[in-house]
Every structure is written in structure tokens, then in C-alpha cells.
Amino acid sequence: MGQFIRQPSVKSGTVLLSEPFMWDSNFKRSAVLLCEHNEEGSLGFIMNKPLNMQVDELIGDFPEFDADVFFGGPVQTDTIHYIRNVGDLLEDSVKVAQGVYWGGDFDKLKFLIDTGLILPQNIRFFVGYSGWSGGQLLEEMGLGSWVVAPMDANYLFKSEPEYLWEKVMSNKGDTYSVIAQVPDNSSWN
């Protein structure tokens with residue numbers, strides 16, 4: 001019998017790590033910041049899939065700003081979302097975790113960027129989001145598709161995206177450190 005590994009509860013402000021052999025290319029080796037989770041559904045953003053473009057290339061009236069854009073997930077890919085670490089500078093923002101804020105007044109955001117009060121290292125932009133209907137995420141977790149980890153603002157603002165999945169998985173320790181070492185391009189011979 002294998003050892004049962006107790007998962008922390010799913011809640012806003014945690015990280016969802018895809019299991020290492022997930023087939024869905026949208027979520028392969030993804031680290032998703034869960035920003036909303038309730039009985040109606042769940043919403044989050046993939047933190048480790050950069051799109052190789054800048055936000056001012058996507059939004060016409062946006063100040064020149066050297067900030068990367070990430071693929072947040074396959075839902076509503078015609079929308080842009082943002083998460084930052086500069087506290088309560090924007091009205092209508094949501095504190096997701098310690099040092100992590102989601103959304104807020106978009107016009108004021110442009111002003112804060114234009115005046116240099118928000119710098120590229122303070123914010124991440126996402127095209128689309130990851131979403132689950134009520135009960136869907138818990139069902140997927142029951143199938144072993146996701147591992148829950150605590151969020152640290154450094155994961156989003158100070159880590160290299162291509163190593164983030166492995167880093168968060170390793171930080172969980174024990175069995176997860178071994179899982180983090182599973183090669184990405186494993187093939188079954």
C-alpha cells in the first residue's frame with residue numbers, strides 16, 4: 001500500500017501544481033495562483049507561461065512599459081488581468097495572499113505606471129485565466145491532477161518562470177521533492 005499524502009485545503013491564495021504527466025498542454029507543468037475559490041467555482045492564473053510580449057503591445061492606450069505578459073489560462077483569452085505586490089495602491093483590488101494583490105482600478109494603474117510608482121518587477125499581466133465550475137476543481141484534485149502548495153509572493157515576482165513548477169514542488173519537501181525531479185520529456189519505452 002502506498003503512503004497517503006494529506007493535501008492542504010484548497011483556498012484562495014494557494015498554488016495549484018499540475019501533476020507531472022498532465023496531458024492538457026494548457027496546464028502541463030503549470031503553477032496556478034488560485035485567486036478565487038468558492039462553491040460557485042474557482043479562478044486562477046498560470047504563473048509560469050510567459051508569452052514573449054510586452055503589455056504595451058497588447059493595449060493601445062497603455063503607457064510604454066517593459067512588463068512581460070503571461071498566459072493565464074484558456075478561459076477568455078481576449079481579457080487581460082494583473083497581479084501586483086505593491087499593496088493597496090489601487091481601489092477595488094483583492095488581497096490574494098501576503099504581498100499579492102489582484103485587479104483594481106485600471107485607469108489608476110496606468111497613472112501609477114506612467115508616474116513610476118509601479119515598476120515592471122511589481123506587476124504581472126495575464127492573458128486569459130484558468131477557471132473551474134463549482135466542484136470541478138475538487139473533482140480534478142480527487143483524480144490526482146493537482147497538488148496544493150502555499151503561495152509565496154517571490155514565486156510570482158522573483159522566480160524564473162521556467163523553473164517555477166519544479167521549485168514550488170521541491171519546496172513542499174518529502175515525496176514532492178522526488179516528483180519535482182521527474183524529467184519533463186519522459187517517454188514510456
Any sub-3.5 Å donor-acceptor pair from Gln76's side-chain atoms to Asp78's backbone N or O?
-> no
Please answer whether the main-chain N or O of Val148 pairs with a side-chain N or O of Lys172 as donor and acceptor at a distance below 3.5 Å.
-> yes
Parallel, tilted or perpendicular: ring planes of Phe62 versus Phe125, cut at 30 and 60 degrees = perpendicular
Spacing of Lys28 atom NZ and Ile46 atom CD1 [to the nearest 0.5 Å] | 13.5 Å
From the list Met169, Lys49, Met47, side chain to side chain contact (heavy atoms under 4.5 Å, CB included) partner of Leu164 resolves to Met47
Nearest 0.5 Å, what's the CG-CZ distance between Asn85 and Arg124?
-> 8.0 Å
Distance-only criterion, 3.5 Å: show the donor-acceptor pairs between side-chain atoms of residues 89-98 and protein atoms not counting sequence neighbours.
residue	atom	partner	partner atom	Å
Glu91	OE2	Lys108	NZ	3.4
Ser93	OG	Arg84	NH2	3.1
Ser93	OG	Leu90	O	3.1

Determine whether the side chains of Trp132 and Glu140 contain a donor N or O and an acceptor N or O closer than 3.5 Å.
-> yes
Heavy-atom side-chain contact between Asn171 and Tyr155 under 4.5 Å = yes
Quick one: are Ile59 and Phe106 in side-chain contact, heavy atoms under 4.5 Å?
-> yes
For Met141, does its backbone N or O pair with a side-chain atom of Ser145 as donor and acceptor, under 3.5 Å?
-> no
What residues, two or more places apart in sequence or in another chain, satisfy side-chain hydrogen bond (donor to acceptor under 3.5 Å, both in side chains) together with Ser130?
-> none
Heavy atoms, side chains only, cut-off 4.5 Å: are Cys35 and Ile83 in contact?
-> yes
Any side-chain heavy atom of Leu34 within less than 4.5 Å of one from Lys11?
-> no
How far apart are the C-alpha atoms of Gln54 and Asp68, what are their side-chain angles, what is the distance that settles it, and do they pass the side-chain hydrogen bond (donor to acceptor under 3.5 Å, both in side chains) test?
-> CA-CA 5 Å; Gln54 306 297 306; Asp68 292 329; 3.1 Å; yes
Look at the rings of Trp102 and Phe45 and say which category their plane angle falls in: under 30° parallel, 30 to 60° tilted, over 60° perpendicular.
-> perpendicular
State which residues pass side chain to side chain contact (heavy atoms under 4.5 Å, CB included) with Ser12; sequence neighbours excluded, sorted by chain then number.
-> His37
How many angstroms lie between CG in Leu138 and CG in Leu143, if you round to the nearest 0.5 Å?
-> 11.0 Å
Exam field: side chain Asn48 to backbone Ala31, donor-acceptor pair closer than 3.5 Å | yes
For the pair Tyr129 and His81, name the ring-plane relationship: parallel under 30°, tilted 30 to 60°, perpendicular over 60°.
-> perpendicular
For the residue pair Leu51 and Phe71, establish whether any side-chain heavy-atom pair is separated by less than 4.5 Å.
-> yes
Measuring from Leu17:CG to Ser30:OG, what's the distance to the nearest 0.5 Å?
-> 8.0 Å
